[in-house]
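Scroll down for the structure; my scribbles are underneath it.
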There are 2 protein chains.
Amino acid sequence: MGIKERKGRHKEDLKARILEAAKKLFITKGYEATSIRKIAAEIEFSPTTIYLYYKDKTDIAYALHQEGFGLLRERFSTLEYVDDPFERLKAMGRGYIQFAVDHPDFYELMFIMKEPMQYLQAHHPEEEWPEGERVFDGLIQTVEGCKARGYFGDMNAEEMAMLSWSVVHGLCSLHITSHFKHIAEKCSQVAIAKQDTLLENVFQTYLQLLERMK
Amino acid sequence: MGIKERKGRHKEDLKARILEAAKKLFITKGYEATSIRKIAAEIEFSPTTIYLYYKDKTDIAYALHQEGFGLLRERFSTLEYVDDPFERLKAMGRGYIQFAVDHPDFYELMFIMKEPMQYLQAHHPEEEWPEGERVFDGLIQTVEGCKARGYFGDMNAEEMAMLSWSVVHGLCSLHITSHFKHIAEKCSQVAIAKQDTLLENVFQTYLQLLERMK
DNA sequence: CAAAGGTACTTAACACTGTTAATCAATCAA
DNA sequence: TTGATTGATTAACAGTGTTAAGTACCTTTG
């Protein structure tokens, strides 16, 4: 049955090419400008062909969302070799923030937009967002490592992990939606540094709180 | 010149009616389903009439965004009578979270979506987001009140305010986009409480960090 | 070999969207 | 009574996601 395999591979091929075209448009022009028709034009197929490989647009959004998590895990992968859990926690936070700054479009798709999660809920209700869980599990383990070394007292590790995620996500989210920009300009006196280092500064403020929990 | 006044009032009247119709659709059906044509149908006018009163759709989005800030300030207004600044800070956080839970659509328009800020940047570059500044100024003052009473040591008040905002916004944002829901189900063992109190619990974890800074 | 069936893809169409140009009717000032 | 201004409308453009129907082509079967 070699033919079936070839066909299957060909099918996968086109599916991959669709995603590649979608990613290209998405990165260069943003999500808004990434329409089904433009993706189809990019690979020189009819728009309706897309629907033979992806259920709807949210399906493509979720696929791109997964691509983004691939990039994020890549950044985090090397951090597994950092022995000191608190150092690792700090590095994870900085890596997360840097990822959001480097790939704002991906970040939006992964953590701000509703589409991908809507797809997940609508078409795979049994699966529990494997991409997110995988990264978050790493965070929990790191927090538990910190606790084992005497940090954070008797605090709940999962809640501590959620708090840390909320801090960096809040920072990245307000940065990307340009909410920070509009209030930073006003109140930036001598104390607050430039826009560039604002995220890092506020994150350090958080780290100072954590360090006093040792 | 009584006629001109009447005309002006009439103009304001229709502008207000458009916004009211937009708000009604927005609250009941969400932002996606709130189209120019549906707003027009609601007030029984032609779709193009909208453009005589609002520049484009982001203009309407910003007007709704302002409405939302009116609601938020309403919640915060009574807190000005709380003398103890740390108690006020805690109450502001809880009020902010409760606002996001009660009015998720408004919250999205105010702090998650890009449209309103885009409108601000495009059509009023000189103004620096007065709604946001007004609320944020209140937060800074509260943090400075805390510092005056010996909290937060020598930490920068503005950065501390930004951190606090990031924490609650991160929580609310991840809650509304249903990111939290998908990871909470998995990891919720005995320790982590129900979905309902998750935001409050993580916020309390943050407060515990703050309290140790006294 | 020819008929039948399935696969991969396309064309045409539906029901929308935001937005603009041109137009019409009514009211105002000269 | 003209003429200009104002307020609202119709028609249209250029796009969107999505579905139903149709067309080639290739494989399998009689």
Side-chain angles (χ1 to χ4, degrees), chain A residues 1-19 21-22 25-26 28-65 109 113-116 118-119 122-123, chain B residues 1-22 25-26 29-65 109 113-116 118-119 122-123:
Chain A
M1 288 292 151
I3 292 166
K4 228 176 188 176
E5 277 176 24
R6 185 183 56 81
K7 283 229 166 177
R9 200 172 57 230
H10 180 257
K11 209 178 167 88
E12 284 304 308
D13 224 59
L14 188 46
K15 184 162 190 176
R17 279 172 60 201
I18 291 169
L19 189 60
L25 282 168
F26 165 70
T28 56
K29 314 281 181 186
Y31 184 79
E32 292 290 273
T34 305
S35 70
I36 301 278
R37 281 173 171 84
K38 282 179 188 165
I39 297 170
E42 183 74 29
I43 55 171
E44 293 179 305
F45 273 80
S46 161
T48 50
T49 304
I50 310 282
Y51 289 89
L52 301 174
Y53 299 90
Y54 291 93
K55 202 159 200 163
D56 52 23
K57 212 195 169 185
T58 66
D59 195 346
I60 297 174
Y62 188 74
L64 288 172
H65 156 116
L109 209 50
M113 286 173 55
K114 282 179 156 180
E115 271 95 333
Q118 278 172 353
Y119 169 81
H123 300 296
Chain B
M1 288 288 150
I3 292 167
K4 229 175 188 177
E5 277 176 28
R6 184 182 58 80
K7 284 231 166 179
R9 200 171 57 229
H10 180 257
K11 205 175 170 90
E12 284 306 306
D13 224 58
L14 188 45
K15 184 162 191 176
R17 278 172 61 201
I18 291 170
L19 190 60
E20 208 176 335
L25 284 168
F26 166 69
K29 314 282 181 186
Y31 183 79
E32 292 290 273
T34 306
S35 70
I36 300 280
R37 280 173 171 84
K38 283 179 187 164
I39 296 170
E42 183 74 29
I43 55 170
E44 294 178 306
F45 273 80
S46 162
T48 49
T49 304
I50 310 282
Y51 289 89
L52 301 173
Y53 299 89
Y54 291 93
K55 202 160 202 164
D56 53 23
K57 212 195 168 185
T58 66
D59 195 347
I60 297 174
Y62 189 73
L64 288 171
H65 157 114
L109 209 50
M113 287 174 56
K114 283 179 155 180
E115 271 94 333
Q118 278 171 354
Y119 170 81
H123 301 297

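Just so we're on the same page: letters track the sequence lines, and every chain starts at 1.
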Taking [atom1] from [X] and [atom2] from [N], how many angstroms apart are they, rounded to a whole number?
X: A:I60; N: D:dG17; atom1: CD1; atom2: P; result: 9 Å
X: A:L25; N: D:dT16; atom1: CG; atom2: C1'; result: 15 Å
X: B:E44; N: D:dA8; atom1: CD; atom2: P; result: 14 Å
X: A:I39; N: D:dG15; atom1: CD1; atom2: C1'; result: 15 Å
X: B:L52; N: C:dA21; atom1: CG; atom2: P; result: 13 Å
X: A:F45; N: C:dA8; atom1: CZ; atom2: P; result: 11 Å
X: A:Y54; N: D:dG17; atom1: OH; atom2: C1'; result: 17 Å

May I ask you to test the [X]-[Y] pair for a side-chain heavy-atom distance under 4.5 Å?
X: A:Y62; Y: A:H123; result: no
X: B:L14; Y: B:F45; result: yes
X: A:I36; Y: A:I60; result: yes
X: B:K15; Y: B:Y54; result: yes

Residues forming a side-chain hydrogen bond (donor to acceptor under 3.5 Å, both in side chains) with [X], sequence neighbours excluded:
X: A:E42; answer: A:K24
X: A:Y119; answer: A:D59, A:H124
X: A:T58; answer: A:D56

Checklist entry - How close do B:A22 and B:T34 get, heavy atom to heavy atom, and via which atoms? => result O-CG2, 3.9 Å
Next on the checklist: So which atom in B:L19 and which in B:L64 form the shortest heavy-atom distance, rounded to 0.1 Å?
Outcome noted: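 For B:L19 versus B:L64, the nearest heavy atoms are CD1-CD2, 4.0 Å.
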Checklist entry - When every nucleotide of nucleotides 13-19 of chain C is labelled 5' to 3' by its protein contacts under 4.0 Å (heavy atoms), B for base, S for sugar-phosphate only, - for none, what sequence of letters results? => result B---BBB
Checklist entry - Is the phosphate of C:dC9, meaning OP1 or OP2, less than 4.0 Å from a side-chain N or O of A:Y53? => result yes
Item to check | DNA chain C base-pair string [pairs: Watson-Crick or G-U under 3.5 Å; |: paired with another strand] | outcome: ||||||||||||||||||||||||||||||
Next on the checklist: Does the Lys NZ or Arg CZ of B:K57 fall within the cation-pi geometry relative to B:Y51 - under 6.0 Å from the ring centre and within 45° of the axis?
Outcome noted: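 Because its charged atom misses either the 6.0 Å distance or the 45° angle limit, B:K57 does not stack over B:Y51.
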So which protein N/O to nucleotides 21-24 of chain D N/O distances come out below 3.5 Å?
none

